[in-house]
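Before any comments, here is the structure.
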Amino acid sequence: MPPRETRVIVVAAEDDLTADLVASRLGPDAFVRLDPGRLRETVTAGGRFAAATWATTIDDGRRAVTVGPTTSVYWRKPTRPESHPDADERWRADENTTALLGLFRAHPVLWINDPLVVDASEHKPTQLACAARCGLRVPDTLFTCDPDTARTFVTDHHDKVVVKALTQRHTTLIPTTRLRACDDLDAIASTVHYLQALVEDRLFDARVTVVGDRVFAASIATDGALDWRTVPAADCRHAAITPPADVERACVEHVRELGLVYAALDFVVTADGWTYLETNCAGEFGWIEALTGLPISAEIARVLTDDTTEVATTRYPEPKRARM
């Protein structure tokens, strides 16, 4: 029996539980899934360029995709080629990842999200400037490797400053940390540090997940933690909320301006309003969906299928409106 033709491609590591969640909403025959970092022999992939046109197909034996304008690609987090201990396997994974990304980008597909666009959008200076253009409130921010400049910034903000890590790729989690003028700021020399004015008197943190033109927001309350990522999810209080309309509009505009379809934005909410912190271009959402019932995976599946296939849905409670 020839493989069933479908039009959704899920690119993710085999143990990616977030990709599993979206796949469960798509239905078993609605997509082809592959991991270019560990491409299995059961999947055939390739493209031919002839008559000034690329013809690309992906086939897993049961389902096949002929890549074209109606194709959707959910590119999550495939296995990183450098994670292989064997040099030949690293090379093979790099070749497969590069080839498939190039083939998909040669076609006018729908991306959630194009990984090259994600790479460009991950830079915090880009995010902060974009957020401000879209009307979101952004804290005073400094990038510097000069201790004296850092001391002046901290002093100007009356010791109410935090320092953040820009990347987590080569270390364990580095949490957001309070910084004061009495700290050893000489240690800043030789490494550009990311300093930001502390947002005081928070009511709660908020994670706003944008999928296309829809917004799903959740409050995350702790007992005074500066960085909720340091607190086990079970010890945080999560609730579905509705942000102010102007914040919702700005979030959608921000994600669209970055060239993304999906992103997760972090905010601090105080009695004075919502303050934007950062955008997670490939941010996780599984725990938010599990704890709040927000139908994020169903909406991703709906966008991927463009309402042409049935998407599994569940009834969810009405969200609580956030206090302003």
(message) Under the criterion side-chain hydrogen bond (donor to acceptor under 3.5 Å, both in side chains), I'd like the reasoning laid out for His238 against Ser219: C-alpha separation, chi angles, the key distance, then a yes or no.
(response) CA-CA 5 Å; His238 296 75; Ser219 62; over 6 Å; no

(message) If we ignore hydrogens and angles and just use 3.5 Å, is the side chain of Thr191 paired with the main-chain N or O of Ile188 as donor and acceptor?
(response) no

(message) So does Leu116 get a backbone contact from the side chain of Asp114, meaning a donor-acceptor N/O pair under 3.5 Å?
(response) yes

(message) So which atom in Asn96 and which in Pro36 form the shortest heavy-atom distance, rounded to 0.1 Å?
(response) CB-O, 3.2 Å

(request) Flag the pair Asp246 and Arg249 as a salt bridge only when some basic side-chain nitrogen lies within less than 4.0 angstrom of an acidic carboxylate oxygen. (result) no

(request) Could you tell me whether the side chain of Leu166 reaches within less than 4.5 Å of the side chain of Phe143, counting heavy atoms only? (result) yes

(request) In plain terms, say whether Arg237 and Asp223 are close enough for a salt bridge, that is, a side-chain N and a carboxylate O under 4.0 Å apart. (result) yes

(request) State plainly whether the residues Arg90 and Glu95 are in salt-bridge range, i.e. N to O under 4.0 Å. (result) no

(message) Salt bridge or not between Glu289 and Arg25? Use side-chain N to carboxylate O under 4.0 Å.
(response) yes

(request) State the CG-CG distance between Leu265 and Leu277, to the nearest 0.5 angstrom. (result) 10.0 Å

(request) Grab the two heavy atoms, one from Val154 and one from Ala181, that are nearest each other, plus how far apart they are. (result) CG1-N, 3.4 Å

(message) Please say yes or no: joined through hydrophobic side-chain contacts below 4.5 Å, possibly via intermediate residues, are Val8 and Val11 part of one cluster?
(response) no

(message) Between Arg302 and Glu299 (salt bridge meaning N to carboxylate O under 4.0 Å), is one present in this structure?
(response) yes

(message) Rounded at 0.5 Å granularity, tell me how far SG in Cys130 sits from CZ in Arg256.
(response) 11.0 Å

(message) If hydrophobic clusters are built by linking Ile, Leu, Val, Met, Phe, Trp and Tyr wherever their side-chain heavy atoms come under 4.5 Å apart, do Val231 and Val162 end up in the same one?
(response) no

(message) side chain to side chain contact (heavy atoms under 4.5 Å, CB included), that's the test. Do Ile9 and Trp75 meet it? Break it down for me.
(response) CA-CA 8 Å; Ile9 302 170; Trp75 189 287; over 6 Å; no

(request) Answer whether the closest heavy-atom distance between the side chains of Arg4 and Arg62 falls below 4.5 Å. (result) no

(request) Would you tell me whether Thr66 and Glu5 have side-chain atoms, one donor and one acceptor, within less than 3.5 Å of each other? (result) yes

(request) Would you give the length of the straight line joining atom NE2 of His254 to atom CG of Leu128, rounded to the nearest 0.5 angstrom? (result) 8.5 Å

(message) Which label fits Trp274 and Phe204: parallel for a plane angle under 30°, tilted from 30 to 60°, or perpendicular past 60°?
(response) perpendicular

(message) What I want to check is whether the side chains of His107 and Thr71 have a donor and an acceptor closer together than 3.5 Å.
(response) no

(message) Testing the basics here: between Ala12 and Ala19, what is the closest heavy-atom pair and its distance to 0.1 Å?
(response) CB-CB, 3.5 Å

(message) Any heavy-atom pair between the side chains of His84 and Trp91 that's under 4.5 Å?
(response) no

(request) Look only at the side chain of Thr230 and the backbone of Asp227, and say whether a donor-acceptor pair between them is shorter than 3.5 Å. (result) yes

(message) If we ignore hydrogens and angles and just use 3.5 Å, is the side chain of Gln127 paired with the main-chain N or O of Thr279 as donor and acceptor?
(response) yes

(message) Classify the ring geometry of Trp54 against Phe49: parallel below 30°, tilted from 30° to 60°, perpendicular beyond 60°.
(response) tilted

(message) Could you report the tightest heavy-atom contact between Gly212 and Val252, atom names first, then the distance?
(response) O-CG1, 3.9 Å

(message) Please evaluate residues Ile241 and Phe216 with respect to the criterion side chain to side chain contact (heavy atoms under 4.5 Å, CB included), reporting the C-alpha separation (whole Å), side-chain torsions for both, the decisive distance (0.1 Å), and the verdict.
(response) CA-CA 8 Å; Ile241 59 174; Phe216 304 91; over 6 Å; no

(message) Do His193 and Thr144 pair up side chain to side chain, a donor and an acceptor below 3.5 Å, judged on atom types alone?
(response) no

(request) Of all the heavy-atom pairs spanning Val208 and Ala217, show the shortest one and how long it is. (result) CG2-CB, 4.1 Å

(message) Measuring only between side-chain heavy atoms, which start at C-beta, is Arg207 closer than 4.5 Å to Phe267?
(response) no

(message) Using side-chain heavy atoms (C-beta onward) and a distance below 4.5 Å, is Trp228 in contact with Asp266?
(response) yes

(request) May I ask you to say whether Asp16 pairs ionically with Lys77, meaning some side-chain N is under 4.0 Å from a carboxylate O? (result) no

(request) First locate atom SG of Cys281, then atom OH of Tyr262, and finally report the distance between them rounded to the nearest 0.5 Å. (result) 10.0 Å

(message) Please check this pair: side chain of Thr152 against backbone of Asp148, looking for a donor-acceptor N/O pair closer than 3.5 Å.
(response) yes

(message) Could you check whether any side-chain heavy atom of Trp111 comes within less than 4.5 Å of a side-chain heavy atom of Tyr74, counting everything from C-beta outward?
(response) no

(request) Might you point out which heavy atoms bring Arg229 and Thr176 nearest each other, and give the distance in Å? (result) NH2-N, 3.9 Å

(message) For the CG atom of Asp205 and the OG1 atom of Thr275, what is their distance to the nearest 0.5 Å?
(response) 11.0 Å

(request) Considering only NZ, NE, NH1 and NH2 on the basic side and carboxylate oxygens on the acidic side, decide whether Arg33 and Asp60 come within less than 4.0 Å. (result) no

(message) For a salt bridge (Lys or Arg N to Asp or Glu O under 4.0 Å) check, start with the C-alpha distance between Asp272 and Arg137, then their side-chain angles and the critical distance, and finish with the verdict.
(response) CA-CA 11 Å; Asp272 193 37; Arg137 179 190 302 168; 3.5 Å; yes

(message) Could you check whether Glu284 pairs with Arg76 (Lys NZ or Arg NE/NH1/NH2 to Asp/Glu carboxylate O, under 4.0 Å)?
(response) yes

(request) May I ask whether Leu198 and Leu136 are part of the same hydrophobic cluster, defined by side-chain heavy atoms of I, L, V, M, F, W, Y residues being less than 4.5 angstrom apart, directly or through others? (result) no

(request) Would you check, one step at a time, whether the test salt bridge (Lys or Arg N to Asp or Glu O under 4.0 Å) holds for Arg151 with Asp146? (result) CA-CA 9 Å; Arg151 288 189 189 95; Asp146 178 58; over 6 Å; no

(request) May I ask you to decide whether Arg38 forms a salt bridge with Glu14, counting only side-chain N to carboxylate O separations under 4.0 Å? (result) no

(request) Could you tell me which residues satisfy side-chain contact (heavy atoms from CB on, under 4.5 Å) with Thr6, sequence neighbours excluded, listed by chain and number? (result) Val32, Arg63, Val65

(message) Nearest 0.5 Å, please: how far is CG in Asp140 from NZ in Lys160?
(response) 14.0 Å

(request) Please determine, by modelled atom types, if Asp35 and Thr79 share a side-chain donor-acceptor pair under 3.5 angstrom. (result) yes

(request) Any chance you could lay out the side chain to side chain contact (heavy atoms under 4.5 Å, CB included) test for Leu179 and Leu195, step after step, and finish with the verdict? (result) CA-CA 9 Å; Leu179 198 62; Leu195 279 60; 3.8 Å; yes

(message) Is there a side-chain contact between Leu304 and Ile112 in this structure, where contact means two heavy atoms from C-beta onward sitting under 4.5 Å apart?
(response) yes

(message) Applying a strict under-4.5 Å side-chain criterion to I, L, V, M, F, W and Y, I'd like to know whether Leu21 and Val261 cluster together.
(response) yes

(message) Membership question, hydrophobic clusters at under 4.5 Å side-chain separation (ILVMFWY): are Leu260 and Val210 in the same one?
(response) yes

(message) Pair Asp59, Thr44 - check side-chain hydrogen bond (donor to acceptor under 3.5 Å, both in side chains), show working.
(response) CA-CA 5 Å; Asp59 187 334; Thr44 58; 4.7 Å; no

(request) Using a strict cut-off of less than 4.0 Å between a Lys/Arg side-chain nitrogen and an Asp/Glu carboxylate oxygen, indicate whether Asp159 and Arg180 qualify as a salt bridge. (result) no

(request) Ignoring hydrogens and angles, tell me if any N or O in the side chain of Thr177 forms a donor-acceptor pair with the backbone of Pro175 under 3.5 Å. (result) yes

(request) Using a 4.5 Å cut-off on heavy atoms from C-beta on, say whether the side chain of Val215 contacts that of Thr209. (result) no

